[in-house]
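Accompanying notes for the structure given below.
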Amino acid sequence: MNHHHSPTATAPPVRTPYHELGEPGSPHVPDWARRRSVYRGAGRTTYIVETDRLAAARHDLKRLQRRGWRVNVTELGKNAASVALSRDALRAGATARRR
């Protein structure tokens, strides 16, 4: 007996920081996130977000930390910062499956 499984049937759902901040199934890019970049490496994806509204971002950044994201903030000025968000691919999949 042949069983065909499509890759999407077994792959965990995409979990970006924007998915974590949005409603289920609907990513949300917050207003404080100005310039955004994504870097993919072996087993890890890093999101770099520049903001000039760091005070407004603090609540969301704490929320992401509680959900397993590494959050590194490099302050660039009075209320400006570069924020690096990352999570191991294995951990991200495990977190997505627990929901």
Show me the side-chain donor-acceptor pairs of residues 53-65 shorter than 3.5 Å, one per line, residues at least two apart or across chains.
unit_1 : atom_1 : unit_2 : atom_2 : d
Arg58  : NH2    : Glu75  : OE2    : 3.4
Asp60  : OD2    : Trp32  : NE1    : 2.7
Arg63  : NH2    : Glu20  : O      : 3.2

In Å, rounded to the nearest 0.5 Å, how long is the span from [atom1] of [X] to [atom2] of [Y]?
X	Y	atom1	atom2	value
Ile48	Leu85	CD1	CG	7.5 Å
Arg44	Arg70	CZ	CZ	4.0 Å
Trp69	Thr46	CH2	OG1	9.0 Å

Problem - Considering all heavy atoms, the nearest Arg36-Val49 contact - result: CG-CG1, 4.2 Å
Run the side-chain donor-acceptor check on residues 23-31: report pairs under 3.5 Å with partners two or more places apart or on a different chain.
none

Fill in the blank from the handout: By salt bridge (Lys or Arg N to Asp or Glu O under 4.0 Å), Arg35 pairs with (sequence neighbours left out) Glu50
Problem - Path from Val83 to Val38 over hydrophobic side-chain contacts below 4.5 Å - result: yes
